[in-house]
Amino acid sequence: MIFDPVPPYRPSHFRVKFAVEPWERRACAALRRQVFCTEQGIFTDDDRDAVDAHAIPICALSTMGGEADAVVGTVRIHEVAERPGEWWGSRLAVARAFRGTAALGAGLIQVAVASAHARGCTRFLAHVQERNVPLFEALHWARLDAVDLHGLAHHLMQADLSAYPPMHDPEHGLVTFRRAA
Ligand SMILES: CC(C)(COP(=O)(O)OP(=O)(O)OC[C@H]1O[C@@H](n2cnc3c(N)ncnc32)[C@H](O)[C@@H]1OP(=O)(O)O)[C@@H](O)C(=O)NCCC(=O)NCCS
(Lines give C-alpha, C1' and ligand atoms only; values in the text may rest on other atoms or scores of the structure.)
Protein backbone atom coordinates (compact mmCIF):
# COMPACT_ATOMS: atom_id res chain seq x y z
CA MET A 1 0.00 0.00 0.00
CA ILE A 2 1.29 3.50 -0.87
CA PHE A 3 0.72 6.34 1.54
CA ASP A 4 0.71 9.91 0.29
CA PRO A 5 3.07 12.00 2.41
CA VAL A 6 1.18 14.40 4.65
CA PRO A 7 2.30 17.95 3.88
CA PRO A 8 3.45 19.92 6.94
CA TYR A 9 0.77 22.12 8.48
CA ARG A 10 1.07 25.69 7.13
CA PRO A 11 -0.97 28.23 9.07
CA SER A 12 -2.79 30.61 6.75
CA HIS A 13 -3.49 33.45 9.12
CA PHE A 14 -1.79 35.09 12.06
CA ARG A 15 -2.85 37.43 14.85
CA VAL A 16 -0.57 40.28 15.97
CA LYS A 17 -1.43 41.67 19.41
CA PHE A 18 -0.18 42.56 22.88
CA ALA A 19 1.26 39.44 24.56
CA VAL A 20 -0.95 39.21 27.64
CA GLU A 21 -0.93 35.50 28.51
CA PRO A 22 2.05 34.16 30.50
CA TRP A 23 2.75 31.50 27.79
CA GLU A 24 2.77 34.20 25.10
CA ARG A 25 5.30 36.26 27.08
CA ARG A 26 7.50 33.23 27.72
CA ALA A 27 7.42 32.33 24.02
CA CYS A 28 8.31 35.94 23.04
CA ALA A 29 11.37 35.74 25.33
CA ALA A 30 12.37 32.37 23.83
CA LEU A 31 12.06 33.68 20.25
CA ARG A 32 14.17 36.74 21.09
CA ARG A 33 16.86 34.47 22.53
CA GLN A 34 16.72 32.29 19.44
CA VAL A 35 17.11 35.25 17.04
CA PHE A 36 19.40 37.67 18.92
CA CYS A 37 21.61 35.15 20.79
CA THR A 38 21.70 31.94 18.73
CA GLU A 39 21.14 33.26 15.19
CA GLN A 40 22.68 36.74 15.22
CA GLY A 41 25.09 36.26 18.15
CA ILE A 42 24.55 39.87 19.31
CA PHE A 43 24.14 38.72 22.92
CA THR A 44 25.67 35.63 24.52
CA ASP A 45 22.79 33.76 26.11
CA ASP A 46 20.35 36.38 27.36
CA ASP A 47 19.17 39.49 25.49
CA ARG A 48 16.97 40.84 28.30
CA ASP A 49 17.80 44.27 29.76
CA ALA A 50 16.39 46.96 32.08
CA VAL A 51 13.81 48.02 29.47
CA ASP A 52 11.98 44.70 29.90
CA ALA A 53 10.86 45.74 33.39
CA HIS A 54 8.42 48.27 31.88
CA ALA A 55 8.17 47.41 28.16
CA ILE A 56 5.00 45.99 26.61
CA PRO A 57 5.65 42.76 24.67
CA ILE A 58 3.80 42.24 21.40
CA CYS A 59 3.46 38.86 19.67
CA ALA A 60 2.55 37.43 16.27
CA LEU A 61 0.63 34.18 16.78
CA SER A 62 0.16 31.43 14.24
CA THR A 63 -3.28 29.89 14.39
CA MET A 64 -4.57 26.35 14.05
CA GLY A 65 -8.29 25.71 13.68
CA GLY A 66 -8.86 29.37 14.55
CA GLU A 67 -7.03 29.02 17.89
CA ALA A 68 -3.70 30.65 18.84
CA ASP A 69 -0.99 28.05 18.32
CA ALA A 70 2.54 29.45 18.65
CA VAL A 71 4.46 32.73 18.87
CA VAL A 72 6.23 33.27 15.53
CA GLY A 73 7.11 36.96 15.89
CA THR A 74 7.66 39.57 18.57
CA VAL A 75 8.62 43.18 19.33
CA ARG A 76 8.48 45.32 22.47
CA ILE A 77 7.56 48.97 23.03
CA HIS A 78 8.18 51.36 25.89
CA GLU A 79 7.75 55.03 26.79
CA VAL A 80 10.78 56.93 28.08
CA ALA A 81 10.00 57.92 31.67
CA GLU A 82 11.97 61.20 31.46
CA ARG A 83 10.36 62.25 28.13
CA PRO A 84 6.60 61.59 28.14
CA GLY A 85 5.31 61.07 24.60
CA GLU A 86 8.59 59.54 23.39
CA TRP A 87 8.17 55.81 22.67
CA TRP A 88 10.65 53.25 21.37
CA GLY A 89 10.33 49.89 19.68
CA SER A 90 13.02 47.22 19.98
CA ARG A 91 13.86 43.50 19.68
CA LEU A 92 11.77 43.01 16.52
CA ALA A 93 12.06 39.37 15.47
CA VAL A 94 10.17 36.94 13.25
CA ALA A 95 10.92 33.19 13.37
CA ARG A 96 13.08 32.28 10.40
CA ALA A 97 10.57 29.92 8.76
CA PHE A 98 7.95 32.69 8.73
CA ARG A 99 10.00 35.58 7.34
CA GLY A 100 8.69 37.10 4.13
CA THR A 101 5.61 34.89 4.25
CA ALA A 102 2.80 36.82 5.93
CA ALA A 103 3.95 40.42 6.48
CA LEU A 104 4.53 39.60 10.15
CA GLY A 105 7.33 42.16 10.50
CA ALA A 106 5.07 44.84 9.02
CA GLY A 107 2.18 43.71 11.26
CA LEU A 108 4.34 43.88 14.40
CA ILE A 109 5.54 47.38 13.47
CA GLN A 110 1.91 48.40 12.81
CA VAL A 111 0.69 47.23 16.25
CA ALA A 112 3.76 48.69 17.97
CA VAL A 113 3.41 52.22 16.56
CA ALA A 114 -0.39 52.41 16.36
CA SER A 115 -0.90 51.20 19.95
CA ALA A 116 1.70 53.67 21.25
CA HIS A 117 -0.07 56.41 19.24
CA ALA A 118 -3.30 55.58 21.09
CA ARG A 119 -1.41 55.91 24.40
CA GLY A 120 -0.22 59.46 23.75
CA CYS A 121 2.92 58.84 21.69
CA THR A 122 4.13 61.97 19.88
CA ARG A 123 7.49 60.56 18.69
CA PHE A 124 8.19 56.88 17.94
CA LEU A 125 11.82 55.83 17.47
CA ALA A 126 13.87 52.69 16.88
CA HIS A 127 17.44 51.69 16.23
CA VAL A 128 17.15 49.71 13.01
CA GLN A 129 19.81 47.30 11.73
CA GLU A 130 21.29 48.61 8.48
CA ARG A 131 19.95 45.68 6.43
CA ASN A 132 16.37 46.41 7.56
CA VAL A 133 16.37 50.16 6.76
CA PRO A 134 14.62 49.63 3.36
CA LEU A 135 11.83 47.69 5.09
CA PHE A 136 11.24 50.53 7.56
CA GLU A 137 11.46 53.20 4.84
CA ALA A 138 8.77 51.33 2.91
CA LEU A 139 6.66 51.47 6.10
CA HIS A 140 6.88 55.29 6.44
CA TRP A 141 9.90 55.64 8.69
CA ALA A 142 12.63 58.28 8.17
CA ARG A 143 16.35 57.95 8.94
CA LEU A 144 17.64 60.40 11.55
CA ASP A 145 21.19 59.25 12.27
CA ALA A 146 23.69 56.42 11.78
CA VAL A 147 24.90 54.66 14.95
CA ASP A 148 26.99 51.61 15.86
CA LEU A 149 25.30 49.32 18.41
CA HIS A 150 26.54 45.97 19.68
CA GLY A 151 29.21 46.14 16.93
CA LEU A 152 26.58 46.38 14.17
CA ALA A 153 25.64 49.33 11.92
CA HIS A 154 22.22 50.72 12.84
CA HIS A 155 20.12 53.76 11.94
CA LEU A 156 18.11 55.79 14.39
CA MET A 157 14.73 56.01 12.64
CA GLN A 158 11.40 57.73 13.35
CA ALA A 159 7.92 56.59 12.33
CA ASP A 160 5.55 58.97 10.54
CA LEU A 161 2.65 58.81 13.01
CA SER A 162 0.17 60.02 10.40
CA ALA A 163 0.65 56.64 8.67
CA TYR A 164 -0.29 54.82 11.93
CA PRO A 165 -3.78 55.79 13.15
CA PRO A 166 -4.23 55.08 16.88
CA MET A 167 -5.08 51.44 17.67
CA HIS A 168 -7.31 51.32 20.74
CA ASP A 169 -7.68 47.54 21.11
CA PRO A 170 -4.14 46.12 20.88
CA GLU A 171 -5.10 43.17 23.11
CA HIS A 172 -7.16 42.12 20.07
CA GLY A 173 -4.74 43.50 17.48
CA LEU A 174 -4.88 42.65 13.79
CA VAL A 175 -4.76 39.65 11.45
CA THR A 176 -2.26 39.05 8.63
CA PHE A 177 -2.56 36.36 5.94
CA ARG A 178 -0.04 34.11 4.27
CA ARG A 179 0.84 35.34 0.81
CA ALA A 180 -0.13 33.13 -2.11
CA ALA A 181 2.79 30.79 -2.87
C1 LIG B 1 13.31 42.08 9.96
C2 LIG B 1 12.23 41.03 10.12
C3 LIG B 1 11.54 41.21 11.47
C4 LIG B 1 11.19 41.21 8.98
O5 LIG B 1 10.13 40.31 9.20
P6 LIG B 1 9.24 39.72 7.96
O7 LIG B 1 8.05 39.10 8.56
O8 LIG B 1 10.09 38.91 7.07
O9 LIG B 1 8.86 41.07 7.20
P10 LIG B 1 7.61 41.29 6.27
O11 LIG B 1 7.22 40.02 5.58
O12 LIG B 1 6.58 42.02 7.04
O13 LIG B 1 8.22 42.29 5.22
C14 LIG B 1 7.45 43.36 4.73
C15 LIG B 1 8.01 43.77 3.40
O16 LIG B 1 9.37 44.16 3.48
C17 LIG B 1 10.19 43.31 2.70
N18 LIG B 1 11.33 43.07 3.53
C19 LIG B 1 11.44 42.24 4.58
N20 LIG B 1 12.67 42.33 5.12
C21 LIG B 1 13.32 43.25 4.38
C22 LIG B 1 14.60 43.79 4.42
N23 LIG B 1 15.49 43.40 5.34
N24 LIG B 1 14.94 44.72 3.52
C25 LIG B 1 14.06 45.12 2.59
N26 LIG B 1 12.82 44.67 2.50
C27 LIG B 1 12.46 43.73 3.38
C28 LIG B 1 9.39 42.09 2.44
O29 LIG B 1 9.77 41.49 1.20
C30 LIG B 1 8.01 42.65 2.38
O31 LIG B 1 7.80 43.27 1.15
P32 LIG B 1 6.44 42.97 0.32
O33 LIG B 1 5.33 43.18 1.31
O34 LIG B 1 6.47 43.99 -0.75
O35 LIG B 1 6.60 41.58 -0.13
C36 LIG B 1 12.81 39.57 10.02
O37 LIG B 1 13.53 39.45 8.82
C38 LIG B 1 13.73 39.18 11.19
O39 LIG B 1 13.26 38.73 12.24
N40 LIG B 1 15.05 39.32 11.05
C41 LIG B 1 16.01 38.93 12.07
C42 LIG B 1 15.99 39.85 13.28
C43 LIG B 1 16.18 41.29 12.90
O44 LIG B 1 16.94 41.62 12.03
N45 LIG B 1 15.44 42.14 13.63
C46 LIG B 1 15.33 43.53 13.28
C47 LIG B 1 16.24 44.38 14.04
S48 LIG B 1 16.06 46.04 13.40
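What you see below is based on every heavy atom in this structure, not just the backbone, and it leaves out hydrogens, waters and symmetry mates. Quick caveat, the model's predicted, so the values are computed rather than measured. Remember, it's 1-based here, ligands and their atoms both numbered in the order they're listed.
A salt bridge does not link Arg25 to Asp52: none of the charged side-chain nitrogens sits closer than 4.0 Å to a carboxylate oxygen. A salt bridge does not link Arg15 with Asp69: every distance from a Lys NZ or Arg NE/NH1/NH2 to an Asp or Glu carboxylate oxygen is 4.0 Å or more. Salt-bridge annotation for Arg33 and Asp47: absent, with no side-chain N of the basic residue lying under 4.0 Å from a carboxylate O of the acidic one.
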### Stepwise ring-ring contact (aromatic ring centres under 6.0 Å, His included) check, Trp88 with His127
CA-CA 9 Å; Trp88 285 73; His127 284 124; 5.0 Å; yes

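Other residues, nucleotides and ligands contribute at most 12 non-hydrogen atoms within 6.0 Å of the CZ atom of Arg48. Other residues, nucleotides and ligands place more than 12 heavy atoms under 6.0 Å from the CD atom of Glu171.
Of all atoms in ligand 1, listed by their number and element, those nearer than 4.0 Å to a heavy atom of Ala93 are 39 (O). Of all the atoms in ligand 1, the ones that sit under 4.0 Å from a non-hydrogen atom of Leu104 are 7 (O), 12 (O). Close contacts between ligand 1 and Gly100 involve ligand atoms 6 (P), 7 (O), 8 (O), 11 (O) [criterion: under 4.0 Å to a heavy atom]. Residue Pro134 approaches ligand 1 through these ligand atoms, each under 4.0 Å from one of its heavy atoms: 25 (C).
Nearest non-hydrogen protein atom to atom 30 (C) of ligand 1 is Arg179 NH2, 3.5 Å. In this structure, the protein non-hydrogen atom closest to atom 48 (S) of ligand 1 is Gln129 N, 3.3 Å. Looking from atom 12 (O) of ligand 1 to the surrounding protein, the closest heavy atom is Ala106 N, 2.8 Å. The protein non-hydrogen atom at the shortest distance from atom 22 (C) of ligand 1 is Arg131 O, 3.7 Å. Protein heavy atom closest to atom 45 (N) of ligand 1, with residue, atom name and distance, is Leu92 O, 2.7 Å. If you check which protein heavy atom lies closest to atom 39 (O) of ligand 1, you get Val94 N, 2.8 Å.
The shortest side-chain heavy-atom distance between Asn132 and Met157 does not fall under the 4.5 Å cut-off. Counting heavy atoms from C-beta on, the side chains of Trp87 and Val113 never come closer than 4.5 Å.
The option from Ala103, Ala95, Ala102 that lies nearest to atom 10 (P) of ligand 1, judged by heavy atoms, is Ala103. Nearest to atom 37 (O) of ligand 1 by heavy atom, out of Arg32, Gln40, Arg99, is Arg99. Compare Asn132, Val133, Thr101, Val75 by their heavy atoms: the one nearest to atom 46 (C) of ligand 1 is in Asn132. When the heavy-atom distances from atom 19 (C) of ligand 1 to Ile109, Leu135, Val35 are ranked, the shortest goes to Leu135.
In terms of polar-atom proximity, defined here as any N/O pair under 3.5 Å, Phe98 makes no such contact with ligand 1.
Of the protein's heavy atoms, at least one falls inside 4.0 Å of atom 16 (O) of ligand 1. Not a single protein heavy atom sits closer than 4.0 Å to atom 2 (C) of ligand 1. Contact annotation for atom 8 (O) of ligand 1: protein present (non-hydrogen atoms, distance under 4.0 Å).
Residues Ser12 and Arg178 have side chains that never bring a donor and an acceptor to within less than 3.5 angstrom of each other.
Taking the six-membered ring where the residue is Trp, the centroids of Phe43 and His150 are separated by under 6.0 Å.
Classified by interplanar angle (parallel below 30°, tilted 30° to 60°, perpendicular above 60°), the ring pair His78/His54 is perpendicular.
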